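This one's a predicted model, so the numbers in the text were calculated from it and none came from an experiment.
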Amino acid sequence: MHSTAGAEEEVPVLIVGGGGAGLTSSMLLARLGVEHLLVSARPTTSDLPKAHVLNQRAMEVLEDVGVAGAIAERGTPAEQMAATAFYAGLAGPDPDYGRCLTRLECWGAGGEDENWRAASPWRQQNLPQIRLEPLLKARAEELSPGRIRFGHELTELEQDGAGVRATIRDNASGRHYAVRCQYLIGADGGRRVAGLIGVEYEGLGVVTQTATLHVSADFSPWATDPDVLIRWTYSPQAGVLVVMVPMGPERWGPESEEWVIHLNYPVDDPRAQSDAQVEADARQALGVPDLPMKIHKITRWSVEAVMASAFRAGRVFLAGDAAHRHPPTGGLGLTSAIHDAQNLCWKLALVLAGQASPELLDTYQAERRPADERNAQRSLENAVNHFAIAAALGLSPENTPGQNMAQLRRMWSGRPEDAAHRSAVLRAMRAQSMEFSELNVEYGYRYASAAVVPDGSAAAVPVDQIRVYEPCTHPGAPLPHAWIDDEDGHRRPVKDLVAPGRFLLIAGEDGQAWCEAATQLAAAAGIPLDALRIGHLDGDYYDPRCAWQRHRQITRDGAILVRPDRFIAWRHPAGSSEPRAELAAALSQILARPVDAPVGVAV
């Protein structure tokens with residue numbers, strides 16, 4: 001053990017790692033009034049564009065902590081991330097190079113898709129991590145001054161029954177110091193925490209190796225579609241897929257100043273290790289050998305999915321890339337990290353406040369690991385389908401550029417003998433809606449754990465497991481979106497009625513007995529619980545478009561219990577002769593402690 005200078009610092013929660021998961025955890029804990037400290041071995045935030053898509057629910061969480069507006073201001077305008085498209089190369093010796101093969105709407109079509117508008121008050125956003133993380137860090141520092149320490153590296157940890165002792169090195173001075181905490185969140189991307197607690201990683205599969213170039217260049221003469229975010233470029237020159245993504249920062253679409261270019265290589269291909277070779281390969285594949293191009297960085301990574309064998313060991317929890325790593329296809333990695341943080345932080349807050357038993361923390365892995373594993377698997381399948389498209393097109397690195405272009409021209413030749421080929425390729429491309437229209441993956445998953453009380457009803461089977469999200473109040477599902485009015489006509493999304501760190505009981509118009517029971521229980525048992533009624537004509541709040549009525553799945557005198565993370569914890573479809581006992585039983589299970597006070601006791 002290194003010697004440590006000075007007294008041991010004490011803090012309820014120590015966060016290790018300053019990426020998306022760690023910074024979101026810090027902001028959420030600050031909002032919940034939980035004292036904490038964040039340390040990150042890195043000197044500053046990410047210097048790589050990396051993840052860039054933020055799904056609707058992730059934006060809701062980021063709105064909770066007061067940073068969503070800044071993200072929307074810096075991110076891609078809606079009209080420049082409405083579509084994705086597939087192309088016959090980029091530039092080349094004749095006008096057929098760069099021809100669009102087909103296009104798909106992506107991520108709610110820039111706010112035009114009514115299904116996505118019905119799911120959330122937020123639209124999908126796009127902001128590269130290189131620009132996102134500084135916004136998150138600045139907000140975290142604003143919420144917790146002096147508690148965000150970059151350049152401070154965890155070197156050791158040991159835990160006992162009462163807490164965790166971590167040894168931290170200040171990399172600038174070399175000084176070591178100790179931090180004693182009750183709980184530790186490992187959000188360091190798998191760098192150190194997992195190994196120190198004996199957690200291993202399980203691979204779900206390696207698809208390929210990718211080299212990524214972050215460049216400043218003017219591609220506007222060839223990349224001419226202003227509404228396309230990601231360009232899937234099938235290069236005649238190289239016989240491979242090249243992926244191009246604009247990165248802003250001030251202009252987007254064809255006029256973007258910066259781009260990320262992804263090139264795939266066979267696993268262990270030595271060419272991928274040479275920066276000069278990767279640049280030459282990219283220029284050749286895109287047909288721009290002499291284009292002025294400033295290369296900021298070239299990185300290599302494996303297109304693979306990896307899961308931690310456990311998300312928890314004692315008082316240490318893993319979140320984000322420390323718990324799961326995905327291919328970027330579908331944009332599910334960073335958003336999963338944000339949802340990990342949301343799931344864990346309200347539970348830590350209740351346990352630290354003595355309002356829930358530590359057993360509540362067992363539900364973190366039970367809920368998040370299946371959701372994250374599904375997202376990792378989906379990311380892999382999204383990546384694999386791109387290879388199916390390339391195979392259907394018939395391109396090959398072994399072909400000459402002329403042979404590859406001849407294959408591509410079959411897509412628009414109009415010849416009867418090419419019709420079946422064209423249909424097969426277009427079908428494979430349409431199937432990529434599983435990446436770009438995955439609303440049920442992003443919104444429709446459900447939790448199953450002790451913190452969810454089943455009501456005996458069978459969960460509805462979705463029309464399409466991936467693409468079709470059908471809002472509901474089945475226990476374990478996310479709270480459906482609806483616009484709600486107060487008496488004065490002030491409109492807000494129903495999600496905003498859920499206060500930070502508090503449960504919300506939503507009853508029907510005639511559910512006054514449920515609300516009274518909730519108010520009594522909250523006072524008697526010290527539970528952070530609010531209660532209200534929503535109806536079209538009557539209630540504490542009003543449902544002007546009957547959207548809530550369509551989704552609530554309870555009668556006028558029924559009730560739904562919403563957790564602080566806005567997932568449905570419990571529901572009772574109608575009235576009850578013993579509302580307080582029913583509600584107390586549900587909360588006792590969720591909080592893993594008895595909360596029922598004797599009926600008739602004055603409160």
Query raised in the report: For Y447 and R563, does a side-chain donor sit closer than 3.5 Å to a side-chain acceptor?
Result: no

Query - Residue pair S309 / E202, side-chain donor-acceptor N/O under 3.5 Å - result: no

Report task. Decide yes or no for E442 and L332: does some side-chain heavy atom of the first lie under 4.5 Å from some side-chain heavy atom of the second? Result -> yes

Query raised in the report: Does the side chain of N385 come under 3.5 Å of the side chain of Q432 through a donor N or O and an acceptor N or O?
Result: yes

Query raised in the report: Below 4.5 Å, heavy atoms only, C-beta onward: do V13 and Q182 meet side chain to side chain?
Result: no

Query raised in the report: Donor-acceptor pair, R300 side chain versus A211 backbone, under 3.5 Å?
Result: no

**Report entry** Residues R42 and E153 bridged, charged N to O under 4.0 Å
**Finding:** no

Query - Note, I560 side chain near I568 side chain (heavy atom, < 4.5 Å) - result: yes

Requested in this report: Please round to the nearest 0.5 Å and tell me the distance separating atom CD of E381 and atom CZ of R374.
Outcome: 10.0 Å

**Report entry** N126 and T76: side chain donor to acceptor below 3.5 Å
**Finding:** yes

Report task. Please work out which of the three classes, parallel, tilted or perpendicular, describes the rings of F317 and Y183, given edges at 30° and 60°. Result -> tilted

Report task. Report yes or no: do Q124 and N55 form a side-chain donor-acceptor pair below 3.5 Å? Result -> no

Query raised in the report: Of all heavy-atom pairs between P500 and R31, which one has the smallest distance, and what is that distance?
Result: CG-NH2, 3.2 Å

Query raised in the report: Has the side chain of D188 got a donor or acceptor atom that lies under 3.5 Å from a matching backbone atom of V193?
Result: yes

Requested in this report: Report the distance from atom CG of L23 to atom CD1 of I15, rounding to the nearest 0.5 Å.
Outcome: 8.0 Å

Query - Mutual orientation of the aromatic rings belonging to F436 and W107 [parallel < 30°, tilted 30-60°, perpendicular > 60°] - result: perpendicular

Report summary line: Between the NZ atom in K495 and the CG atom in L504, the distance rounded to the nearest 0.5 Å is 13.0 Å

Query - Verdict with supporting geometry, R180 and E8, salt bridge (Lys or Arg N to Asp or Glu O under 4.0 Å) - result: CA-CA 7 Å; R180 177 81 180 178; E8 194 172 70; 5.3 Å; no

Query raised in the report: Between P327 and A376, which heavy-atom pair has the shortest distance, and what is it?
Result: CD-O, 4.5 Å

Query raised in the report: To the nearest 0.5 Å, what is the distance between CG (L587) and CG (L529)?
Result: 6.0 Å

Query raised in the report: Under 3.5 Å, is there a donor-acceptor pair between the R580 and Q520 side chains?
Result: yes

Query - Evaluation steps, salt bridge (Lys or Arg N to Asp or Glu O under 4.0 Å), between R312 and D362 - result: CA-CA 8 Å; R312 178 187 186 183; D362 294 339; 2.6 Å; yes

**Report entry** Audit row: W570, W514, ring-ring contact (aromatic ring centres under 6.0 Å, His included) steps and yes/no
**Finding:** CA-CA 13 Å; W570 162 94; W514 287 113; 5.3 Å; yes

Query raised in the report: Do T208 and N264 have side-chain atoms, one donor and one acceptor, less than 3.5 Å apart?
Result: no

**Report entry** Any pair counted as side chain to side chain donor-acceptor pair (under 3.5 Å), so long as it reaches residues 18-29, sequence neighbours left out
**Finding:** S26-H36

**Report entry** Heavy-atom donor-acceptor pair, H474 side chain to S457 backbone, under 3.5 Å
**Finding:** yes

Requested in this report: Begin from the C-alpha positions of V53 and L334 and carry the test side chain to side chain contact (heavy atoms under 4.5 Å, CB included) through to its verdict.
Outcome: CA-CA 8 Å; V53 176; L334 174 60; over 6 Å; no

Query raised in the report: So do V243 and I230 actually touch side chain to side chain, heavy atoms under 4.5 Å?
Result: yes

**Report entry** Rounded distance (nearest 0.5 Å) linking atom OG1 of T212 with atom NE2 of H214
**Finding:** 11.0 Å

Query raised in the report: Going through the distances and angles, do F311 and D372 end up as a side chain to side chain contact (heavy atoms under 4.5 Å, CB included)?
Result: CA-CA 11 Å; F311 281 21; D372 290 328; 3.3 Å; yes

Requested in this report: Could you tell me whether the side chain of Y469 reaches within less than 4.5 Å of the side chain of P478, counting heavy atoms only?
Outcome: yes

Query - Sidechain-backbone polar pair: R378 side chain, M434 backbone, donor-acceptor under 3.5 Å - result: yes

Query raised in the report: Are any of the side-chain heavy atoms of L28 and V61 separated by less than 4.5 Å?
Result: yes

Query raised in the report: With no hydrogens and no angle check, do the side chains of R571 and Q553 hold a donor and an acceptor under 3.5 Å apart?
Result: yes

Query raised in the report: For Y445, is the NZ or CZ atom of R57 found under 6.0 angstrom from the centre of its six-membered ring and inside 45 degrees of the ring axis?
Result: yes

Query raised in the report: Where the side chain of R325 meets the backbone of D321, is there a donor-acceptor pair that is under 3.5 Å apart?
Result: yes

Query raised in the report: Any side-chain donor-acceptor pair under 3.5 Å between E63 and W122?
Result: yes

Query raised in the report: Are any side-chain N or O atoms of S449 and backbone N or O atoms of A451, one a donor and one an acceptor, separated by less than 3.5 Å?
Result: yes

Report summary line: Heavy-atom closest pair (V595 atom, A584 atom, distance to 0.1 Å) is CG2-O, 3.3 Å

Requested in this report: Search all heavy atoms of L14 against all heavy atoms of C181 and return the closest pair with its distance.
Outcome: CB-SG, 3.8 Å

Report task. Give a yes or no on whether the backbone of R315 and the side-chain of Q159 come within a donor-acceptor separation of less than 3.5 Å. Result -> yes

Query raised in the report: salt bridge (Lys or Arg N to Asp or Glu O under 4.0 Å) between R175 and D170: does it pass, once the steps are laid out?
Result: CA-CA 5 Å; R175 179 180 74 93; D170 178 346; 5.1 Å; no

**Report entry** Expected output: side-chain R369 to main-chain A308 donor-acceptor under 3.5 Å
**Finding:** yes

Requested in this report: Evaluate salt bridge (Lys or Arg N to Asp or Glu O under 4.0 Å) for R149 paired with E9, printing each intermediate quantity in order.
Outcome: CA-CA 14 Å; R149 301 178 186 170; E9 292 188 48; 3.0 Å; yes

**Report entry** Expected output: side-chain E73 to main-chain A68 donor-acceptor under 3.5 Å
**Finding:** no

Counting only pairs under 3.5 Å, give me each side-chain donor-acceptor contact of residues 133-141, with atom names and distances, residues two or more places apart or in other chains.
unit_1 : atom_1 : unit_2 : atom_2 : d
E133   : OE1    : S46    : N      : 2.9
E133   : OE2    : Q129   : NE2    : 2.7
K137   : NZ     : E141   : OE2    : 3.0
R139   : NE     : V65    : O      : 2.7
R139   : NH1    : E142   : OE2    : 3.1
R139   : NH2    : V65    : O      : 3.3

Query raised in the report: Taking atom OG1 of T519 and atom CG of D530, what is their separation to the nearest 0.5 Å?
Result: 8.5 Å

Requested in this report: Give a yes-or-no answer on whether the side chains of H339 and D565 include a donor-acceptor pair shorter than 3.5 Å.
Outcome: no

Requested in this report: With the side chain counted from C-beta on, respond yes when W548 and T473 share a heavy-atom pair under 4.5 Å apart, and no when they do not.
Outcome: yes

**Report entry** Short side-chain to backbone donor-acceptor contact, Q589 and A450, under 3.5 Å
**Finding:** yes

Query raised in the report: Does a side-chain heavy-atom distance below 4.5 Å link D455 with P475?
Result: yes

Query raised in the report: Taking the six-membered ring of Y177, is NZ or CZ of R169 closer than 6.0 Å to its centre and within 45° of its axis?
Result: no

Query - Distance-only side-chain donor-acceptor flag, H386 / E435, under 3.5 Å - result: yes

Report task. Start with the C-alpha distance between E60 and S120, add both sets of side-chain angles, then the distance that settles side chain to side chain donor-acceptor pair (under 3.5 Å), and finish with yes or no. Result -> CA-CA 8 Å; E60 293 175 11; S120 173; 2.6 Å; yes

Report task. Evaluate the ring planes of W301 and H262, with Trp represented by its six-membered ring, and classify them as parallel (under 30°), tilted (30 to 60°) or perpendicular (over 60°). Result -> perpendicular

